[in-house]
Protein chains: 2
Amino acid sequence: MDHPHSHGHPGMPELAERLRRSSRKLTGPRHHVLEVLRSEGHPISARALFEALPPGKCDLATVYRSLQLLEEMGMIKRYDLGDGVKRFELLEEGDDGHHHHLVCTRCAGVVEIEDCFMPGLEETIAAHSGFSNITHRLEFTGICPACQSQSQ
Amino acid sequence: MDHPHSHGHPGMPELAERLRRSSRKLTGPRHHVLEVLRSEGHPISARALFEALPPGKCDLATVYRSLQLLEEMGMIKRYDLGDGVKRFELLEEGDDGHHHHLVCTRCAGVVEIEDCFMPGLEETIAAHSGFSNITHRLEFTGICPACQSQSQ
DNA sequence: GTCCCTGCAAATGGTTTGCAGGCGG
DNA sequence: CCGCCTGCAAACCATTTGCAGGGAC
C-alpha cells in the first residue's frame with residue numbers, strides 16, 4: 001500500500017517531451033522543479049519543493065508559476081490535505097491522479113491509498129441532488145507508526 | 001437530502017448556557033456571531049459571516065477569535081472544502097458533525113449529505129498502514145441545478 | 001475588581017502579480 | 001529575434017497576534 005505509483009515515475013526526457021508538445025520551454029528552473037517532483041513521489045508543497053532545490057537555481061515565485069503551469073497541463077495534480085497548504089504530485093501520462101492519501105497529523109508524512117472506495121456513489125448523489133459533474137476529494141488523517149512510537 | 005440538520009438548530013438560550021458552562025461570556029459580539037451561524041445552517045466562512053453581521057457589531061478579528069473559541073468548545077465544526085477557506089457550521093449538542101458536503105464549483109452553494117459511506121473502512125486502513133486515530137474528510141463538488149440552467 | 005473580551009492595527013504565511021531584463025527555440 | 005520566462009519586490013488574501021482600553025460577572 002505504500003507507493004502504488006512508484007513503479008513508473010516519468011523520466012526527464014519524457015517530461016521534456018510533454019512540455020515541448022505544449023510548446024512550453026524546458027528552462028533551467030523548470031528542470032529543477034521537475035527533478036524534485038520526480039524524486040519526491042509524494043505530494044509536496046511549494047515551499048518544501050523550493051527548499052529541496054539547489055540554492056539559487058529557482059525563485060520561489062517561479063516555483064509557484066511552474067506548479068501552476070504544470071497543473072494546467074495535467075502533468076501534476078494538486079491535493080488539499082486539510083492544512084491550508086497546496087501540495088503537488090507528479091502524474092504519469094494518462095493518469096488522472098485519482099487516489100487518496102493518509103496523512104500523519106504529527107509529522108505530515110503522506111502515504112498513498114490506491115483504491116477509490118466509492119464505486120457508483122457519485123452517480124447516486126447526482127441522481128438525488130440534481131448536481132452534475134460530481135467528483136470528490138477524500139483524505140484520511142491519523143498518526144503514523146513512527147510518530148506513535150516516538151511520543152505518546 | 002437537503003438540510004438533514006435543520007430539524008434542530010440550538011436556540012440562543014441553549015447556546016448561552018453552553019458558553020456559561022465553560023465559564024465563557026456571552027458578549028454582544030459573540031451573540032451576533034452565534035445568531036448568524038444559527039440562521040445560516042450551512043458552513044460559512046469568517047468573511048461571509050462578518051458581512052452578514054449588522055455593521056459595526058463585531059470586528060473581523062473578533063469573528064475569527066469567536067470561531068476559534070467555539071470550535072475548541074465543540075460548538076461548531078470546521079470544514080475545508082478545498083478552496084483554502086475555512087468554513088464553520090453550528091453543531092447540536094452531542095453531534096460530532098460527521099457528515100459530508102456537496103459543493104457547487106460555480107456558486108459555492110453547499111448541500112449536506114447525511115450518510116457516511118465508509119463503514120469500517122478506517123479500521124481496515126489502520127490495519128494495513130499501522131496508523132492510529134484515523135479519521136477522514138470527504139467532500140464532493142459538482143455543479144448545482146441552478147447553475148446548470150443559468151449558463152452552459 | 002478581576003479577567004476575559006474587544007477593536008484597532010500590525011504581523012504572518014501562503015500565494016500571486018507587475019515589471020523590466022534575459023534566454024530558449 | 002520574438003515571446004515566453006525569470007528574479008525581485010511589492011501586492012494580496014485569509015488568518016493571527018500585540019496591545020491597551022472596556023465590559024461581563
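Proteins come first, then strands; the chains are lettered A, B, ... in the order of their sequence lines, and each starts at number 1.
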Determine the minimum heavy-atom distance between A:Leu102 and A:Gly142, stating which atoms define it.
-> CD1-N, 4.3 Å
Enter the distance from A:Ile125:CD1 to A:His136:NE2 here, rounded to the nearest 0.5 Å.
-> 9.0 Å
Atom pair CG (A:Leu67) and CZ (A:Phe88), whose distance is rounded to the nearest 0.5 Å = 5.0 Å
Out of C:dT6, D:dC25, C:dG24, which nucleotide sits closest to the side chain of B:Lys25?
-> D:dC25
CG of A:Leu26 versus C1' of C:dC23: gap in Å, rounded?
-> 13 Å
Measuring from A:Leu53:CG to A:Leu60:CG, what's the distance to the nearest 0.5 Å?
-> 9.5 Å
Hey, can you pull the residues of residues 56-66 of chain B with a non-hydrogen atom under 4.0 angstrom from DNA chain C?
-> B:Lys57, B:Cys58, B:Asp59, B:Ala61, B:Thr62, B:Arg65
B:Arg30 side chain N/O closer than 4.0 Å to the phosphate oxygens (OP1, OP2) of C:dC5?
-> yes
Under 4.0 angstrom between A:Thr27 side-chain N/O and D:dT6 OP1 or OP2 | yes
Distance, rounded to the nearest Å, where A:Glu51 contributes CD and C:dG13 contributes C1' = 13 Å
Kindly say if A:Lys86 contacts the phosphate of C:dT16, meaning a side-chain N or O under 4.0 Å from OP1 or OP2.
-> yes
Spacing of CG belonging to B:Leu34 relative to CG belonging to B:Leu26, to within rounding of 0.5 Å | 7.0 Å
Residue pairs passing the side-chain hydrogen bond (donor to acceptor under 3.5 Å, both in side chains) test where at least one lies in residues 26-37 of chain A, sequence neighbours excluded | A:Glu35-A:Arg38
Quick one: is A:Arg47 getting a side-chain N or O under 4.0 Å of the C:dG13 phosphate, OP1 or OP2?
-> no
For atom CG of A:Leu67 and atom C1' of D:dT6, their distance in whole Å = 15 Å
